[in-house]
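A quick write-up on the structure given underneath.
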Amino acid sequence: VTITIIVINLLAAAPFGFYIPQMEGKSPSHEMRVLWTEYGFVPRELTNLENGQPVVVDLYSDLDDAPAPVDDRTLTIQPSVLGVSISLITCMFLHGGWWHLGGNMLFFWIYGNNIEDRLGHAVFLVFYLCGGVAATLCHWLMAGQPFDAVPMIGASGAVAAVMGAYIVTFPKAKMHVLFLLGCVPIFFKVPAMVVLAFWIGEQLLSAYMEHMGAVTSVALWA
């Protein structure tokens with residue numbers, strides 16, 4: 001299941017191979033932004049299910065001067081239970097680029113196969129998907145996100161759930177860690193509890209900084 005999920009993420013990233021030549025500098029292409037909006041999770045879409053009001057997503061909210069015609073700057077979504085339900089799953093198979101994808105899949109490969117061995121294939125698949133949905137809903141609940149119209153994408157929440165399972169199941173397992181002292185690589189082993197506690201602490205600190213006004217494009221609560 002771990003390998004299958006990684007392959008699906010790679011296949012879902014195939015459109016990036018077509019869109020990258022169209023990118024100007026480091027700005028994602030128009031097609032890529034539409035893809036994220038249609039299949040990513042837009043918090044306000046879930047919030048507006050009650051009143052049925054359409055959600056207008058600014059595809060270029062990250063740019064002051066959008067390199068696109070005014071007519072193409074926004075995309076309107078009509079909220080529906082089916083649409084939101086699908087986006088809760090599809091959002092965890094889309095990524096913002098190759099570094100985003102590679103980092104998530106590396107962490108998933110490190111921790112996922114051990115948890116799959118412990119839970120079994122079917123239960124692990126359910127756990128992964130439910131963990132990803134729970135992480136996305138946590139993002140929706142926290143920090144005023146229910147009114148956010150910025151699409152959320154990435155497997156980070158689902159991978160974080162797997163990392164949480166690892167710290168509970170294998171807290172004393174020794175992990176190989178690479179530390180760069182300047183240009184000198186240093187390898188050593190530390191318990192998984194230490195590695196993952198450091199990672200969790202980093203996320204909480206970043207979330208606090210965001211609460212204090214720092215700007216980030218990461219769904220930290222997920």
Side-chain angles (χ1 to χ4, degrees), residues 5-6 8-10 12-13 15-16 26-28 32-49 55-63 75 77 79 83-112 127-167 196-222:
I5 290 175
I6 292 175
I8 292 174
N9 274 275
L10 291 172
F16 290 115
K26 294 184 179 180
S27 177
M32 192 182 299
R33 293 171 186 272
V34 171
L35 181 75
W36 291 339
T37 302
E38 291 180 338
Y39 295 99
F41 173 75
V42 180
R44 190 177 294 175
E45 185 179 358
L46 175 56
T47 304
N48 284 11
L49 276 180
V55 178
V56 179
V57 178
D58 184 355
L59 300 176
Y60 293 87
S61 59
D62 57 319
L63 299 177
L75 185 66
I77 303 174
V84 171
S85 301
I86 292 175
S87 70
L88 284 170
I89 300 297
T90 56
C91 72
M92 68 179 81
F93 292 96
L94 292 175
H95 289 82
W98 296 113
W99 284 108
H100 187 200
L101 172 65
N104 276 341
M105 293 303 98
L106 174 62
F107 273 74
F108 182 54
W109 172 251
I110 292 172
Y111 300 105
F127 174 78
Y128 178 85
L129 295 176
C130 289
V133 170
T136 301
L137 293 177
C138 185
H139 169 72
W140 174 73
L141 285 170
M142 299 300 293
Q145 297 298 344
F147 302 101
D148 191 357
V150 177
M152 171 188 168
I153 58 172
S156 303
V159 174
V162 173
M163 293 168 69
Y166 196 95
I167 199 172
L196 294 175
F198 177 82
W199 181 83
I200 292 171
E202 184 181 22
Q203 308 312 305
L204 292 175
L205 177 61
S206 298
Y208 172 75
M209 296 299 294
E210 182 183 51
H211 177 71
M212 297 302 293
V215 178
T216 176
S217 61
V218 180
L220 294 166
W221 289 107

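Heavy-atom basis, side chains included; hydrogens, waters and symmetry copies ignored. One-based numbering along the sequence shown.
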### Task
Could you please spell out the steps behind the side-chain contact (heavy atoms from CB on, under 4.5 Å) verdict for L137 and L88?
CA-CA 9 Å; L137 293 177; L88 284 170; 4.2 Å; yes
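- For T90 (side chain) and Y39 (main-chain N/O), a donor-acceptor pair under 3.5 Å exists by modelled atom type.
- Nearest heavy-atom pair across G157 and A135 is CA-CB, 3.4 Å.
- Using cut-offs of 30° and 60° for the angle between ring planes, the F93 and Y128 rings count as tilted.
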### Task
Check the pair N9, F108 against side-chain contact (heavy atoms from CB on, under 4.5 Å), reporting the backbone distance first and the verdict last.
CA-CA 11 Å; N9 274 275; F108 182 54; over 6 Å; no
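- In this structure, V42 and S87 have side chains that are not in contact, with every pair of non-hydrogen atoms separated by 4.5 Å or more.
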### Query
Under the side-chain contact (heavy atoms from CB on, under 4.5 Å) criterion, do T136 and C91 qualify, and how do the steps go?
CA-CA 9 Å; T136 301; C91 72; 3.9 Å; yes
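- Of the inter-residue distances, the one linking L94 atom CG with H100 atom NE2 reads 10.0 Å to the nearest 0.5 angstrom.
- Annotation for G131 and A161: closest pair CA-CB, 3.8 Å, computed over non-hydrogen atoms.
- Here the shortest heavy-atom pairing between P79 and E45 reads CB-O, 3.5 Å.
- The 12-atom threshold is not exceeded at CH2 of W109, counting heavy atoms of other residues, nucleotides or ligands nearer than 6.0 Å.
- In plain terms, the two heavy atoms of G96 and W36 that are nearest each other are CA-CZ2, 3.6 Å.
- The CG atom of L10 lies 5.5 Å from the CG atom of L101; values are rounded to the nearest 0.5 Å.
- With R33 contributing its side chain and L59 its backbone, the two residues share a donor-acceptor pair below 3.5 Å.
- Inter-residue side-chain proximity for L129 and M92 is flagged as met; some heavy-atom pair is nearer than 4.5 Å.
- Side-chain contact between L46 and F41 is present, with at least one heavy-atom pair separated by less than 4.5 Å.
- Residue T37 holds its OG1 atom at 6.0 Å from CD1 of I77, rounded to the nearest 0.5 Å.
- Once rounded to the nearest 0.5 Å, the distance linking CD1 of I200 with CG of L204 reads 7.5 Å.
- Considering all non-hydrogen atoms of both residues, I153 and H95 come closest at CD1-C, 3.6 Å.
- For the atom pair CH2 of W99 and CG of N104, the computed distance is 13.5 Å after rounding to the nearest 0.5 Å.
- For the atom pair L141 CG and W221 CH2, the distance stands at 11.0 Å (nearest 0.5 Å).
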